[in-house]
Amino acid sequence: MSKEAAIAIHQLGKSYEESGRRHRIFSGLNLHVNRGEFLVLLGRSGSGKSTLLNLISGIDLPDSGSVIVNGTEITALSEHNRTLFRRHNLGFIFQSYNLIPTLSVGENLLLPLELVKPLTRADRDAVAALLDKLGLADRYDTYPDRLSGGEQQRVAIARALIHEPDLILADEPTGNLDLETGRLVLEMLDTLVKKAGKTLIMATHSREVIGQADRIVSIRDRSLVSADAFGS
Amino acid sequence: MRSVLSRASRNFLWRHPWQLALALLGIALGVAVVIAIELAMESALTAFDQTRKAFSGTATHRILAGNGGLDEKLYTRLRVEQGIQQLSPIVSGYVGLPNDDRFRLVGVDPFVEKSFRSAWQEENSDTDYFARLITEPGTALISEQTAARLNLKVDDEIMVTTGNGEQRLKIIALLSPSHAISEQALSGLIVTDIATAQETLGLFGRLSSIDALIDDEASETLAQIRRVLPSDALLLSAGEQSEAMREMTRAFSINLKALGLLSLMVGLFLIYNTMTFLVVQRRQLIGSLRAMGVTRRQVFQLIIGEAFWLAVAGTTIGVVLGMALAQGLLHLISGTIDAFYFRIDAAALRVTPVQLGKGILLGLGATLLAVLPPALEATRLPPMTVLVRSRLESGVRRLVRITGLAGGLLIPAGLALALLSGKSVMPGLLGIFLLLFGFALLTPVFTLLAMTLIERVFGRFLGILGRLPARMVSAEISRTGIAIAALMMAVAATIGMDLMIGSFRQTVQEWLQGTLRADLYVSLPGEKKSIAGAAGDRQLKARLAAHAGVQMLSSVLTTHIIADEALTKVSVFDLNARARRGFTFKQAAPGGVWDRFEREQTVIVTEPYAYHHDVKVGQTIMMRTEQGKQPFEVLAVYADYSDQGHLAMSRRNYQRYWPDLGYSGIGIYAKPGVDLKQLEDQLGQSLKAPRSIRSSQAIYQASMDLFEQTFTVTETLRWLSAIIAFVGVFSALMALQFERTRQLGVLRAIGITPIQLTALITGETGLMGLAAGLFAVPVGYIVAYVLIFVIYLRSFGWTMAFHVNVAIICQGLALAFGAALFAGVLPALKMARTRPVEALRNE
C-alpha cells in the first residue's frame, strides 16, 4: 500500500445559517488520507460526517481552507470542473442507495461509464461481470424498485466502482440494512475496494466496520480526533 | 389537535408558494372563462330586452307586420270601433348621425304611452314637452347622457340620415333616466311623436307595430284583436317575442358556453394534478400523522378542507378576472349577434347574483370534485408509509390500463351521441366532450406506447443519458400523463377549431367568389318600410341602367314577410342570367329552377332555412298577404352563409301580393372594356348618402373581414383554454422537478453537469409536448369533423366542405411542442442551478 496522500485537507472551515444564526460545523480541520487507505469517519448525528464527505467530493464548498484530492485542489475548481473531476475520480455510495429509478440495474452501472467515454461492448461485459461477482447476474434488466434493500445497495456499490475511481466515499452504506445484509455489503466493500487498493472513506456507526478500518477518526467539537484520542 | 393538524398541512403550502399560486391560477382561470361568457352573453341579450322594453314598457302583446308595416287605420279601428283602450302605436327605424353613430328612432303617442310606463318617461311624465312633441313637427327627445356625449343641448338640431336622405330634428328636452337600466336603454334612442317619425322614416300612414296591454285572462280581447287583424299581421305576446329572440341565439350561446366549459375541463385536469401532487408529496407527513393516531376521516377532512379554502380563494380571483374578461368579450359577442341574428344596441355589462352564483358554485364544485380522488388516496396510505415513487407508479400503471379502457369506451359513446342525436346541439356538444374526455383518458396509454417506440427506435443511437427523458416521461406517468392529457385536449380543440374555421373560411370564400357576379354593387341601406321611398329607388335604377358603361343590372330587396306564421326575412330578386349562375343549389326540383322561379308562385330557400324549418324541395310555404294566405312551392335549397336562413322569391312574384318597397341593393354589370374604377367614380358621384357604390372585390373583402371578426370570440376563448393547459403543463413540470430533486442531485453527484441536466429535463418536456401534439392531431381531426358535420350544421344549418390544411396540423404540433418546451425551461434552469448538496440534503 502506497503511503502517498490521496486526500489532503488543510484548515477546513464550514458553517451554515439557520434562522438568522450561523452554526459552525468545522473550524481549522486538517486530515491526510493515504492512497489505498480505508478510513472510517465516526461522529454523532449532525456532527458533520456527511458534510465532510460532500466537501471531499466537491459537491459542497468550504468557507475556508482547501481540499486536495489526488493532487488536485478541488476547492479551487469551478463548478463545472468539479463535476468533471467527480465523474472521473470518485465513486459515491449513499445510505438510501439513490439508484436512478428510471434506469435498469445494468443501465445504472453503464451511466458512469457513458459519462466518461462512449460505451463499448467491453463496457457491457464489464458490467455483466461485476454484477455476476455481486450475485446479481440475473438482475441486469431489472428496475431498482424490484430489488431488496441489500440488492439495491450492492448495485449502488457496483455503480460507485464500475468506472474504477481512485476514491470511494460511502455515507452510512449499511444504515438502512439489517445486520446480516449489512455484513454482506461490508464484505463486498472489503473485497472490491480495499483489496483493489482504492481509497475508501466511510461514515458509519457500524462496529464491524470499525474492526476492518485502517484508521478511525471522529468529528468532535468541530474538528477531527484520531482513534487513539477517541479511545476505541 | 385539529388546529395543529391544519397547521402542518398549511405550512407545507406556505413553504411552496409557487405550487399554491399555480393551483389558485388554475381554478381562477377556469372560473373566469365560464363567468365571462355567461355575463357577456346575458348582458348582450339583456341589452336587446331593455331596448325593447324601453319603448314598449309594460306592454304584454305586440301587433306587427312584415316590412311596409301596418296601416295606421288599424289602430283607429281597434281603439274606436272595437273599444280596446290599452293600445300604443309605434313607428320605429334606425337612423344614422353625422358621426356615424346609429340610433333607433322611436315615434310614440306620448299621451297613450303614459299608461305603458316606458322606462324613458318614468321621471318625465309631468312636463309639457309631450304636448310640444305633438304640436311642433320635427321635434325630438334624447337622454341627458346622449346629449352630453354628442355635445348637444336643448334647442339644438341634429341631422339624421335615413334611407330617404337627411332630416333635421330639434331637441326640445332631455330625458333623465331614473336608473341605470333605463339610462342604458335610452343611450341609443331618439324619441319623437308618431307623425315626426313617419315623416323622418318615410312611413306615411304606416305604423311599425302596435303595443297592447292585455291581461292574459282576457282571451276575449285577444280574440277580438285577431278578428280585426289584416291577414298580413301577427299578434305576439311579449314572452313569445323574447323567447323567439333567445331561441335564435341559443345555438350560438351553447357553443360559447361549451368553449367556456372546455376551459374549465382543462382547468379541472390542472386542479386534479396539483391537488394529487400536494397529497403525494406529503405522503410521509400523512403516514406519520396516521401513526400518531390521526384517523382516515381526519386525513380526508384535512385534504378536503384545504381544497375548499383553495377553491374559495381561486374562485374569488376567478370571479374578479371573469368580470374583467366579460367586459372585453361583451363587445365581441354583441358584434356577432348584431351581424348574424338581430340588431343590438350598445350593451353594458350586467352582473347579477344568479350568474355570479353559478360561477362560484362551478368553481367550488369542480375543485372539490377534482380533489376527491387524491383525498381518498390519502386516506388509504398506511401509517408511517415509505412509499417509494416507483411503487406508487406501479399502482398507477394499473390505473392507466383501467382509464385507457374507460377512454376506449367513451370515444365510441361520444361519437354515437354526436352523430345519432337528431338536430339537437346540446347532445352534439356533449358528444364532443365525451370524445375529448375519452381521448384524454387514453392519453397515458398512448404516451407509454409512444415513449417505448421512441426509445426502441432512437435509444440505440442516444445512449443511457439520451434514453432517460423518454424513461422519465413513462416512469412518472401519474404526473406526466395528466399534464399531457390537458395539453392534448387544448391543442386538439385548437386543431379542431382551426380546421373547422379554415374549412368554413374556404367555403365562404368560394361562395362569395361565386355569388358576387356583378362588377359593382350599389347599396341602398335602411329598413325598407316606405312605399314612398320606392319611387326614388326606381328612379336610381333607371338612371344606372341608362349609363353608357352599364350593360345590365340585377337587384335585390331585403324585406320581411309572415311565412308559416313567423316573421321571415325574404330576398326579392330580379336576376339576370349571369347573376343566376352565382347560386349553388344543394337540392333542386327536377326540370330546372329559374323558369318556374319567375313564372310560378314559388320560392327558393337558403340552406339554413331549410334545415331549421325542416323544409324540402316540393313542399309548400304559406305566406300571409293582403289577399289572405298564399301557398308558395319550394323549388330549391341554395347555399348561403349570410345569416340564419331566409327565403328568396322573384320580384314578379313578390309584386303580386306585396307593396313595392324599392331595392336594398343593385348589381351593375359593366360593358366589356369599361374602366371599372372610372365607372365606380362616375356612378358614385350621383349617389347621395347613405347610398354607396362598391366593387365586388371591396364587398368580398368586407365580408371576409366580418367573417374574421365573427370568429374573434372563438379565437379568444380557444387561446384562453390553451393558456390554462400551458399553466397545467408548467405546474406539472415544476411539481415533477421538485419531487425528483434528490434524484437529480444524485445525477449531479455522479458527474452530470448542469447543462446535461438542463438538456435532460427539456428533453423530457419536449417529449411530453410531442406526445400531446401527436395525439392531438387525430383527435383534433375528429373534433373538426364533428364540429363541421354535427355542431355547425345543427347550430346554423350550414354545410361546408372539409378542407384539411397541413399547416394547421403542423401549427398544432408546434404549439404543443413549443408550449411544453417553454414550460420546461424554468423548472430545468431551477434544477440545474440547484447545488447538488442542497438536492442531497436529506441524505
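Values below: every heavy atom of this structure, side chains too, minus hydrogens, waters and symmetry copies.
At a 4.5 Å heavy-atom cutoff, A/Phe85 makes no contact with chain B through either its backbone or its side chain. For A/Glu107, the parts sitting under 4.5 Å from any heavy atom of chain B are the backbone and the side chain alike. Contact of B/Arg748 with chain A is made through backbone and side chain together, with heavy-atom distances under 4.5 Å. Heavy atoms of A/Arg159 lying under 4.5 Å from chain B belong exclusively to its side chain.
In this structure the side chain of B/Thr480 reaches within 4.5 angstrom of the side chain of B/Val473, judged on heavy atoms.
Counting only N and O atoms by type, the side chains of A/Arg22 and A/Ser15 include a donor and acceptor under 3.5 Å apart. A/Asp171 and A/Ser50 share a side-chain donor-acceptor pair at under 3.5 Å.
Chain B forms the most heavy-atom pairs under 4.5 Å with one residue out of A/Leu99, A/Asn54, A/Leu103, and that residue is A/Leu103.
Formation of a donor-acceptor pair under 3.5 Å by the A/Thr83 side chain with backbone atoms of A/Glu79 is found in this model.
Atom CD1 of B/Ile755 is surrounded by 12 or fewer heavy atoms from other residues, nucleotides or ligands within 6.0 Å.
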